[in-house]
Amino acid sequence: MKRTHHCSELRTEHAGQTVTLSGWVHSRRDLGGLIFIDIRDREGRTQTVFDPSDLPPETFERASTLRSEAVVSVSGKVRKRPDGTDNLKIASGQVEVMVTNLEVLNQAEVLPFPVDDPEVTAKVNEELRLQHRYLDLRRPEMVRNLRLRSKVATATRVYFDEQGFLEVETPLLFKSTPEGAREFLVPSRVHPGQFYALPQSPQQFKQILMVAGVERYFQLAKCFRDEDLRADRQPEFTQVDVEMSFIERQDIYDLIEGLLKRIWKTALDIDLPTPFQRLSFEEALNRFGIDKPDTRLGMELVDFTEEFRASKFKVFSGAVANGGHVKALNARGLADATQGQIEAMTECAKSFGAKGLAFIKVEGGEWKSPIVKFFTEEEKAALTKKLDIQEGDLILFAADEWLAACEILGRIRLYCADVLQAQGKLVIPKDRFDFLWVVDFPLLSFDKEQNRWYSSHHPFTAPVAEDIPLLTTDPRKVRGQHYDVVVNGVELGGGSIRIHQPDVQKTVFEQVLQIPPDLVQARFGYMLEAFRYGCPPHGGIALGFDRLLATLCGTSSIRDVIAFPKTAKGADLMTDSPAPVEPKQLRDLHIDLKVPKKEPQG
RNA sequence: GGGGGUGUAGCUCAAUUGGUUAGAGCGCUGCCCUGUCACGGCAGAGGUUACGGGUUCGAGCCCCGCCACUCCCGCCA
């Protein structure tokens, strides 16, 4: 049964050798008196020939009954294919194996969907693919993704080892810290009524490791968040988690740029230019309307606050009078936007609090717009100049508070880019990767509904040193030592320099975030205590490993780079989980269920 | 929690907008076929139109409900 070669290995120089191949029946061409069977393994495929003149009739008969995806082991002599019968589509296409022995290791029933035809399979309903993930993973594209993931994981470990990092595993049964994302809870059998939580990230352990003197820590860490899912979010996911002592922000930039450079070279043989561009949070919002800008798209936002301060168009001048901004973007070539597309954009703007969406279509040499009649010649000239308006352009406006105006147009910009790409008017090369750092985030944001400040990143993020006195006097102005790394509009990861002084950490928890002292003690007491016994200055970062792989593989869904992902409702369709448990299990855990009974249908 | 999309043969999709017995390609089954590689030829089987109601002379199509998948908003310290 042992194989001598894999199925993408044989070449003309192997001709004459007797070999054994093992794998799956990829395809079968039964010509009646002669049968061709392509054997496939994870490396590729090889054509085998069953010729009755070389074979016992019984073996030939068995070959004719083989079905797709049966598992076989065949032995025979390799030979160069007859002239004119080479198959250039496969690597082993110049040779074939003349089978003398066939062992059927397992038959396969008819499959629920084909795995041998990439065009068909790529369109198969994802529900079905997830139900039979083991078949989905046989597809060459999925094998490639698994392989790339493994390669990148190894490259990551090698890189960090070279840089003097220790890989340390941290617990999955952790303590609930309900400030952040909703957690998965694990009931304790031994401690009735008490729960573990699965970690949203190893944040606190990695900081504790710095107190422990590890100095350089990394881990490919499993993280868990019980929030609603998206194409780029799963309830359990993997982070490249990093923490270092005695560093400043620049050290993290250098380290991560080196890592990504290594990964891109290993995975795609692409040399990433470093250092990455650096944008402040404010500049990212001003120019792109989002804190994770996709700089490949062009169409930057332009500010017209001054130009429209005294405008006759009251929507603009009114917004400015209230301290707001007027911003615009030029969707080049989108003047032919349909009514439906304009409406979709307007709906999108409204969902961000806009009252409407002002626009100008530049068609046939004139500006078609319900608002252009309010504009003076000076205002029109300013628009033409700063937006470089040309025939065929679509100009879109937002007038609102600064952040809202930016975010509305930021969202519209992405919508326009989608439309332009679908129309072929915006073409982005597949091998283009625009990396950048977003820095200088505000440390705190204000929650209007709950009337309190919350951490923009997390409560362990260090303020810029000279801003520490402002924590209690003017929180809005405090800058955080936080950074995000972004590629092509995807937030790949983020981190910060941490607070390492127990008194500053206590101030943030109790006075700024207004967490009662007894709660702080119960939830974070061990950390504050640890900080008192000699905590080095430290900082770190976490990269979304799944998003990283999705970017490398050119897919928008991280499900394509996770072997066994869950659906949008967190179900595993293959194992049918989550699922009910036995009453005894619940009794052991001291749990009573209160699940409303479903109303009978009808 | 909210909004959009999808659900018809094993798979991918049609069904002239409410009208005869729901079709096609691939796959599957049987027979034929010695140089195929998307093999070819002939024949055949295969449907609770996701599910439950309703309107109608008549529903795959319209209405109500419900389930699953998917995308987005909220959410994701």
Side-chain angles (χ1 to χ4, degrees), chain A residues 26-38 45-54 60 64 67-68 81-90 92-93 96 109-132 135 177-183 200-201 203-204 223-235 237 344 347-348 350-352 411 414-415 418 443-445 447 449 453-461 480 482 491 494 496 508-509 513 515 523-524 544 556-557 559 566-569 571 573 598-602:
Chain A
H26 184 78
S27 62
R28 189 169 49 103
R29 294 171 294 282
D30 186 344
L31 273 54
L34 189 68
I35 302 170
F36 296 97
I37 290 178
D38 282 5
R45 55 189 228 246
T46 298
Q47 173 167 281
T48 65
V49 190
F50 293 76
D51 187 331
S53 58
D54 299 342
F60 188 77
S64 73
R67 272 203 299 233
S68 276
R81 291 194 186 193
D83 286 347
T85 62
D86 287 1
N87 182 357
L88 301 176
K89 290 179 194 166
I90 58 176
S92 65
E96 59 194 9
E109 291 184 14
V110 176
L111 267 47
F113 60 89
V115 301
D116 60 343
D117 185 335
E119 275 182 36
V120 173
T121 316
K123 288 166 71 181
V124 170
N125 188 350
E126 190 168 6
E127 198 172 346
L128 204 62
R129 291 172 49 199
L130 291 174
Q131 252 167 43
H132 305 277
L135 295 180
T177 53
E179 272 70 34
R182 191 179 298 115
E183 299 164 320
Q200 305 163 31
S201 79
Q203 182 63 35
Q204 286 156 67
C223 305
F224 305 85
R225 291 180 192 172
D226 189 8
E227 297 289 353
D228 288 338
L229 306 182
R230 293 283 191 281
D232 62 350
R233 280 193 232 156
Q234 283 275 300
F237 58 100
E347 281 310 305
C348 176
K350 282 181 177 170
S351 73
F352 275 76
R411 197 54 73 104
L414 294 178
Y415 180 89
D418 280 347
L443 183 72
L444 300 157
S445 308
D447 185 331
E449 282 176 20
W453 293 95
Y454 64 96
S455 302
S456 303
H457 181 46
H458 61 49
F460 313 110
T461 303
H482 171 204
E491 183 193 329
S496 60
V508 168
F509 278 141
L513 301 179
I515 306 174
R523 283 182 193 157
F524 304 108
S556 56
S557 167
R559 291 188 298 273
K566 294 186 171 50
T567 68
K569 282 196 176 166
L573 297 180
K598 276 195 180 170
E599 294 291 322
Q601 285 193 352

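Each chain gets a letter, A, B and so on, in the order its sequence line appears, and its residues count up from 1.
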Look for any protein N or O under 3.5 Å of an N or O in nucleotides 40-46 of chain B and output each such pair with its distance, or none.
none

Find every protein N or O atom lying less than 3.5 Å from an N or O atom of nucleotides 24-29 of chain B, and list the pairs.
{"residue": "B/U29", "atom": "OP1", "partner": "A/Arg67", "partner atom": "NH1", "Å": "3.0"}

Practice prompt. Nearest 0.5 Å please: distance from the CZ atom of A/Arg28 over to the OG atom of A/Ser68.
Written response: 7.0 Å

Worksheet entry | Base B/C76 to side chain A/Arg225, donor-acceptor N/O within 3.5 Å cut-off | no

Worksheet item: Do A/Arg81 side-chain atoms and A/Asp86 backbone N/O form a donor-acceptor pair below 3.5 Å?
Response: no

Worksheet, complete the sentence: To the nearest 0.5 Å, atom OG of A/Ser455 lies from atom CZ of A/Phe509 at 8.0 Å

Item to complete: Would you indicate what A/Pro112 reaches in the nucleic acid, counting non-hydrogen atoms under 4.0 angstrom: base, sugar-phosphate, or nothing?
Response: sugar-phosphate

Worksheet item: Listed by chain and number, what are the salt bridge (Lys or Arg N to Asp or Glu O under 4.0 Å) partners of A/Asp232, not counting sequence neighbours?
Response: A/Arg547

Worksheet item: How close or far is atom P of B/C75 from atom CG of A/Asp228, stated in whole angstroms?
Response: 11 Å

Worksheet, complete the sentence: Picking from B/C11, B/C76, B/C13, the nucleotide nearest the side-chain atoms of A/Leu128 would be B/C11

Discussion item. Regarding B/G35, can its base be found pairing with the side chain of A/Glu96 as donor and acceptor, where the two atoms are less than 3.5 Å apart?
Written reply: yes

Fill in: Contact under 4.0 Å: A/Thr567 side-chain N or O vs B/C69 OP1/OP2
yes

Worksheet item: Tell me: CG of A/Asp232 to C1' of B/C73, nearest whole Å?
Response: 14 Å

Worksheet item: When rounded to the nearest Å, what value does the distance between C1' atoms of B/A9 and B/G44 take?
Response: 15 Å

Fill in: C1' atoms of B/A22 and B/A15, separation to the nearest Å
7 Å

Worksheet item: Within the pair A/Arg182 and B/G1, is there a side-chain N or O less than 4.0 Å away from OP1 or OP2?
Response: no

Practice prompt. Specify the glycosidic conformation (syn or anti) of B/U17, with syn defined as within 90° of 0.
Written response: syn

Item to complete: Could you check how far CG of A/Asp86 sits from C1' of B/U36, rounded to whole Å?
Response: 13 Å

Worksheet entry | CD-CZ distance between A/Gln234 and A/Arg559, expressed to the nearest 0.5 angstrom | 7.0 Å

Worksheet item: With distance as the sole criterion, do the side chain of A/Arg230 and the base of B/U70 form a donor-acceptor contact below 3.5 Å?
Response: no

Worksheet entry | Nearest-angstrom distance, P atom, B/G4 to B/C62 | 15 Å

Discussion item. Let me confirm one number: the CZ-CZ distance from A/Arg225 to A/Arg233, rounded to the nearest 0.5 Å.
Written reply: 9.5 Å

Worksheet entry | Below 4.0 Å: OP1/OP2 of B/C37 and any side-chain N or O of A/Lys89 | no

Response to the item:
Regarding the side chain of A/Arg559, the nearest nucleotide among B/C69, B/C13, B/C71 is B/C71

Worksheet entry | C1' gap between B/A38 and B/G25, integer Å | 12 Å

Discussion item. With a 3.5 Å limit on both atom pairs, tell me what B/G30 is paired to, counting Watson-Crick and G-U wobble, or say none.
Written reply: B/C42

Fill in: Nearest-neighbour nucleotide for the A/Thr85 side chain, B/U36, B/A68, B/C11 considered
B/U36

Item to complete: Please confirm whether any donor atom in the side chain of A/Arg81 sits under 3.5 Å from an acceptor in the base of B/C37, or the reverse.
Response: yes

Worksheet item: Do the side chains of A/Thr567 and A/Glu127 get nearer than 4.5 Å, heavy atoms only?
Response: no

Discussion item. Rounding to an integer number of Å, can you tell me how far A/Gln47 CD sits from B/C37 P?
Written reply: 10 Å

Worksheet entry | Heavy-atom check, side chain of A/Thr177 versus side chain of A/Gln204, under 4.5 Å | yes

Practice prompt. Would you check if A/Leu135 and A/Pro112 make a side-chain contact, meaning some heavy-atom pair closer than 4.5 Å?
Written response: yes

Response to the item:
Taken to the nearest whole Å, CG/A/Asp38 to C1'/B/A38 is 12 Å

Worksheet entry | Watson-Crick/G-U partner (both atom distances under 3.5 Å) of B/C69 | B/G5

Worksheet item: When the nearest nucleotide of RNA chain B is assigned to A/Ser27 and to A/Ser456 on a heavy-atom basis, which residue is associated with the more 5' position?
Response: A/Ser27

Discussion item. Can you measure A/Asn125 atom CG to B/G10 atom P for me and round it to whole angstrom units?
Written reply: 14 Å

Fill in: Nearest-Å distance once atom C1' is located in both B/G23 and B/C75
46 Å

Worksheet item: Would you say A/Phe36 stacks on B/U36, if stacking means ring centres under 5.5 Å apart and planes within less than 30 degrees?
Response: yes

Worksheet, complete the sentence: Rounded to whole Å, the CZ-P distance (A/Arg29 to B/U36) equals 10 Å

Worksheet item: Who does B/G52 pair with, Watson-Crick or G-U, both distances under 3.5 Å?
Response: B/C64

Discussion item. When you measure only distances, ignoring hydrogens and angles, does the side chain of A/Arg411 come within 3.5 Å of the base of B/C73 through a donor and an acceptor?
Written reply: no

Fill in: Which nucleotide in B/C69, B/C72, B/G35 has an atom nearest any side-chain atom of A/Glu127
B/C69

Worksheet item: Distance between the P atoms of B/U29 and B/C39, in whole angstroms?
Response: 15 Å

Worksheet item: What interatomic distance, in whole Å, is found between C1' of B/G46 and the corresponding atom of B/G65?
Response: 32 Å

Practice prompt. Nearest 0.5 Å please: distance from the CG atom of A/Asp30 over to the CD1 atom of A/Ile37.
Written response: 8.0 Å

Item to complete: Determine the Euclidean distance between corresponding C1' atoms of B/C26 and B/G60; express it in Å to zero decimal places.
Response: 23 Å

Worksheet item: For the pair made of CG in A/Asn87 and C1' in B/G35, what is the distance, rounded to whole Å?
Response: 12 Å

Item to complete: Verify, without hydrogens or angle tests, whether A/Thr121 (side chain) and A/Pro114 (backbone) share a donor-acceptor contact under 3.5 angstrom.
Response: yes

Worksheet entry | Spacing of CD belonging to A/Gln200 relative to CG belonging to A/Asp226, to within rounding of 0.5 Å | 10.5 Å

